[in-house]
Amino acid sequence: MHEMSLVQELLRIIDDVAERERLRDISRVTVAVGEGRQVVDELFRFAFDNAKAAGAARDAVLELEFVPIVAVCNACGGRFRVEEHRYSCPSCGAGETEVVEGEDIVITELEGERKNDDH
Amino acid sequence: MIIELQQSVMRANNTKASELRAMLDAKQVKMINIIGSPGAGKTTLLERTLERLSARTAVAVIEGDVETARDAERLQRFGVQLVSINTGGMCHLEAPAIAGALEQLNLSEIGVVVIENVGNLICPVEFDLGDHLKVAISSVPEGDDKPGKYPALFRAAEVAVLNKIDLAPYTDFSLEAFEADLRSINPGLPLFPLSARTSEGLEAWLDWLEQRVLTAPLDTDRSSSS
């Protein structure tokens, strides 16, 4: 259950951004999760909902967008979606391919209200 | 208001891992990260590997053990420097814990650091530790479907070991099926079927490893990108 470790880092980043951007009442957090990252949707949400109370994201709803794994062939340059763990090139059959999408977990959006200057 | 970001949740660990790798490179130390299930034979493979490797270079071992120091006790007879990280129930090691462990070692006297990760096929894969070489170890009794079920491990690994091949006659394990999945997931991944218990196939693994960590140039790009 590495989701808890990921969520702790996620919440730490949200706190940093909230302070930097003077955000309060964060209502939504959107995270793009690469399908190559072995994250279980329910476990990630469960970890988030259980850990969020202490920080800036305490009232936030988590939106997860799963990003398909995309690779580029080093031989023919073809770009293809990796499905059922087939990482070799579907066009030319080459085994030397490089994954270019779907391997990271990225916070893409935070929605909230900006603090007033007199606070 | 909506704030758009592009901030990776993986970055903090990966940055720390990259710092560790650069620090090890500067000291010409290579670090190996062994990942496999509980019971795959990680400690036994490590024992058999240390028998030969520790004769060639000074080896240190970092043991990730959830609750006990039992694995560490098994390795003490090799006289290697040993740091035990008791993760207290956590299912994987992270780069900051490795940084702490490396601080306890006299790196100027060491050629190779071996990390025995917590027995788990998923979580350890998600956290780069600053290692130069990830070894995936699976074993015959676990079944031939492990690469297909845990592709991320076999993607991240630079080499795979299949242990306990002496038990193959007592199971339905198909080496062909195992290899076919590996080829699909990570074409070109070297595979060493062996038995750490009977020593069958062990020589080939030790030859490869020695070549890789004692003579090959550091391959930093691969470890960080995979």
Side-chain angles (χ1 to χ4, degrees), chain A residues 1-14 16-18 20-40 43-44 69 71 82-89 93-100 103-114, chain B residues 1-16 35 66 87-97 117-118 120-129 145-157 180-190 221-222 224-226:
Chain A
M1 164 98 175
H2 58 291
E3 283 82 357
M4 186 55 90
S5 295
L6 297 173
V7 159
Q8 278 163 359
E9 178 60 15
L10 170 66
L11 292 171
R12 197 190 62 73
I13 295 170
I14 292 170
D16 281 359
V17 174
R20 190 179 73 218
E21 301 284 343
R22 304 172 46 67
L23 275 186
R24 63 180 168 85
D25 300 336
I26 295 175
S27 54
R28 181 172 58 84
V29 178
T30 305
V31 180
V33 179
E35 284 180 357
R37 284 280 58 89
Q38 309 191 100
V39 165
V40 178
L43 288 180
F44 200 89
I69 306 173
V82 174
E83 282 169 304
E84 292 173 8
H85 318 313
R86 277 193 295 270
Y87 286 84
S88 51
C89 178
E96 290 288 313
T97 63
E98 205 164 320
V99 173
V100 292
E103 295 252 280
D104 206 346
I105 301 171
V106 177
I107 308 176
T108 55
E109 279 185 7
L110 282 184
E111 186 170 357
E113 300 300 323
R114 181 150 281 168
Chain B
M1 65 176 297
I2 293 173
I3 292 180
E4 294 195 3
L5 299 163
Q6 274 297 319
Q7 193 152 351
S8 170
V9 175
M10 315 290 291
R11 196 172 64 183
N13 184 78
N14 288 348
T15 302
K16 188 74 200 168
I35 303 174
V66 176
T87 63
M90 201 155 88
C91 51
H92 60 273
L93 295 171
E94 296 184 15
N117 217 311
V118 181
N120 183 323
L121 295 180
I122 297 180
C123 311
V125 181
E126 301 303 311
F127 299 90
D128 186 9
L129 301 181
D145 59 355
K146 287 299 154 292
K149 277 189 163 171
Y150 303 95
L153 168 60
F154 294 91
R155 284 289 297 173
D181 273 352
L182 272 192
R183 271 196 302 278
S184 165
I185 293 160
N186 192 350
L189 181 74
D221 286 350
R222 193 196 149 92
S224 55
S225 68
S226 57

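Here is the naming used below: chain letters follow the sequence lines, and residue numbers restart at 1 for every chain. Just so we're clear, the structure is a prediction, and the values are computed from it rather than from any experiment.
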**Item:** Winner by heavy-atom pair count (cut-off under 4.5 Å) against chain B, out of A/S27, A/S88, A/G95
**Value:** A/G95
**Fill in**
Under 4.5 Å to a heavy atom of chain B? For A/I26 that would be neither
**Request:** Measure the acute angle between the ring planes of B/H92 and B/F127, then classify it against the limits of 30° and 60° as parallel, tilted or perpendicular.
**Result:** parallel
**Complete:** Interface check, chain B: of A/R86, A/Q38, A/R114, most non-hydrogen pairs under 4.5 Å belong to A/Q38
**Message:** So for A/I105, is it side chain, backbone, both, or neither that comes closer than 4.5 Å to the heavy atoms of chain B?
**Reply:** both
**Asked** Restricting to pairs with a member in residues 4-15 of chain B, which pass side chain to side chain donor-acceptor pair (under 3.5 Å), not counting sequence neighbours?
**Response** A/D104-B/S8
**Asked** Checking A/V39 against chain B: side chain, backbone, both or neither under 4.5 Å from a heavy atom?
**Response** neither
**Message:** Using 0.5 Å steps for rounding, measure from the CD atom of A/E21 to the CE atom of B/M1.
**Reply:** 6.5 Å
**Request:** Please step through side chain to side chain contact (heavy atoms under 4.5 Å, CB included) for the pair B/D181 and B/F154, ending with a clear verdict.
**Result:** CA-CA 10 Å; B/D181 273 352; B/F154 294 91; over 6 Å; no
**Item:** Donor-acceptor contact present, side-chain A/E3 to main-chain A/V40, <3.5 Å
**Value:** yes
